[in-house]
2 protein chains.
Amino acid sequence: MDLRVKKTHDNLQKALIVLLNQKSLENISVAEICRIAEINRGTFYLHYKNVHGVFERYFNDIVKDLKLSYDFPYDVTKDNLAMLTPEMIQIFHHVKKYEAFYRIVFDEKTPMLYYHKLLKTIRLFVIESHTKETEHMSDQQLEYLASYTANSIIGLLLQWHKEDYVLSPETLNQYIYDFSRLKETLQKII
Amino acid sequence: MDLRVKKTHDNLQKALIVLLNQKSLENISVAEICRIAEINRGTFYLHYKNVHGVFERYFNDIVKDLKLSYDFPYDVTKDNLAMLTPEMIQIFHHVKKYEAFYRIVFDEKTPMLYYHKLLKTIRLFVIESHTKETEHMSDQQLEYLASYTANSIIGLLLQWHKEDYVLSPETLNQYIYDFSRLKETLQKII
DNA sequence: ATTTTTATTGAACAGATGTACAATAACTTC
DNA sequence: GAAGTTATTGTACATCTGTTCAATAAAAAT
């Protein structure tokens, strides 16, 4: 890969972290990040549309890491858990790990882009976990069910965010388990 | 109320609608909206921080309208519906009514602010609907349950948005009823 | 090693941003 | 209706934005 391009990206990534320790993402200008990164402003616009573009690159890596934990094998048998799968419960540890970033992602001033990306990823986990119990539903209904379920999980993340991430991931694991057990119980009854 | 101030706000509101028919919210500059509204740019900054401030004013009215439909009396007895209340199901008709605005609210480029406001409002409905079945939970757990439930509903809205609002509000009412019935069933079992 | 391709740079441009200030106009009070 | 208060205006300023272009430097291809 072209070393010039790599240098541009690397310098910008580093400069973003430096600046995020001084000010919020929305207050970082393109001109400023370029000065810190020692990159020409014209070069910046050849690669990114705005400062959020640099942050998005970071977030893509974070999402990759989340997917990794999803691909990881787990020893609990899927059968007796129905809708809620163990890899889903890794979400709180994941968010805690990247808390500094998720504080930005869920911030009022931050564009919805990252939220949509996160939802899309969690939806994948949910769809994978759809079992025989949901087989009677139409494809469309399943799409909606996936968004319904995935977003309920993010609802816990938003509440966590609102309360400044004071609770432990373990407590949240317990909460989500309690809340979702209702569903499972039901599905076994149908 | 000061007629000068009223004129400033009214002109800006009207100008925003005019411009939204031409371009997306993010592409509307303060300078431009002031030209259309025939308001001095300095005056703008005395009232708003940016163009989103004008949009937020609109959205506050929309949220008020949503709360109105919530305050409205409904004839179904609360007892046999447990968690999901009828006023909650008005949400899809509400979003359809203001579809043009919600298209913006859920857009990738739009800041999370409006999402948080919507969630906060729907949470109120959810908390109101908490019944004896949830009495055994701690206050904190109920806060999380409210966000969990409220955000699951918004999950359906996001899926609706993704699919360009093709389904009817009635179909979504049926979906949410189907999805939430699981919970109710469970709660009756506990 | 030389040519070709591609990325970066610096300079320049019109327009936008955010803030400040004195002048003026419009409302409020008495 | 006069005096005091408050909102709006016009101007100005330093900075930022997004784009263009020729010049240069670095990488890839031959």
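Convention: sequence-line order gives letters A, B, ...; per-chain numbering from 1. Being a predicted model, the structure only gives us computed values, none of them experimental.
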*Asks:* Check A:D107 against B:M112 and note the closest heavy-atom contact, atom names and distance.
*Replies:* O-CB, 3.3 Å
*Asks:* Write down the distance between CD1 (A:I28) and P (D:dT17), rounded to a whole number of angstrom.
*Replies:* 11 Å
*Asks:* Can a donor-acceptor pair be found between the side chains of B:Q140 and B:S138 at a distance below 3.5 Å?
*Replies:* no
*Asks:* Output the rounded distance in Å from OH (B:Y48) to P (C:dT19).
*Replies:* 17 Å
*Asks:* With a 4.0 Å cut-off on N to O distance, would you call B:K7 and B:D10 a salt bridge?
*Replies:* no
*Asks:* With the side chain of A:D2 defined as its heavy atoms from C-beta on, choose the nearest nucleotide among D:dT19, D:dA27, C:dT8.
*Replies:* D:dA27
*Asks:* To the nearest Å, give me how far apart CG (A:N11) and P (C:dT8) are.
*Replies:* 11 Å
*Asks:* Between B:V51 and A:E38, name the one whose nearest nucleotide on DNA chain C is closer to the 5' end.
*Replies:* A:E38
*Asks:* Within less than 4.0 Å of OP1 or OP2 of D:dC16, is there a side-chain N or O belonging to A:R35?
*Replies:* yes
*Asks:* Within less than 4.0 Å of OP1 or OP2 of D:dA7, is there a side-chain N or O belonging to B:H47?
*Replies:* no
*Asks:* Nearest to the B:Y45 side chain among D:dT8, C:dT19, D:dA27, which nucleotide is it?
*Replies:* C:dT19
*Asks:* Go through D:dA12, D:dA7, D:dT9 for me and flag the one nearest to the B:V5 side chain.
*Replies:* D:dA7
*Asks:* Distance check needed: D:dA26 P versus A:K7 NZ, whole Å only.
*Replies:* 9 Å
*Asks:* In whole Å, what is the span from the CE atom of A:M1 to the P atom of C:dA7?
*Replies:* 10 Å
*Asks:* Choose from C:dT8, D:dT8, D:dT17 the nucleotide whose nearest atom is closest to any side-chain atom of A:T43.
*Replies:* C:dT8
*Asks:* Output yes when at least one side-chain N/O atom of B:T8 is less than 4.0 Å from OP1 or OP2 of D:dA7, else no.
*Replies:* no
*Asks:* Could you check whether B:L46 gets within reach of a base, just the sugar-phosphate, or nothing at all, counting any heavy atom under 4.0 Å?
*Replies:* base
*Asks:* To the nearest Å, how far apart are A:H52 NE2 and D:dT17 C1'?
*Replies:* 15 Å
*Asks:* Can you find a side-chain donor-acceptor pair between B:D178 and B:Q174 that sits under 3.5 Å?
*Replies:* yes
*Asks:* Mind checking if A:N40 touches a base, just sugar-phosphate, or nothing, with heavy atoms under 4.0 Å?
*Replies:* base
*Asks:* For the pair made of CD in A:E26 and P in C:dG18, what is the distance, rounded to whole Å?
*Replies:* 13 Å
*Asks:* Within this structure, what is the NZ-to-P distance between B:K6 and C:dT28, rounded to whole angstrom?
*Replies:* 14 Å
*Asks:* From the list D:dT6, D:dT9, C:dT17, which nucleotide is the closest neighbour of the side chain of B:R4?
*Replies:* D:dT6
*Asks:* Identify the two heavy atoms, one from A:P111 and one from B:E108, that lie closest to each other, and give their separation to 0.1 Å.
*Replies:* CB-O, 3.3 Å
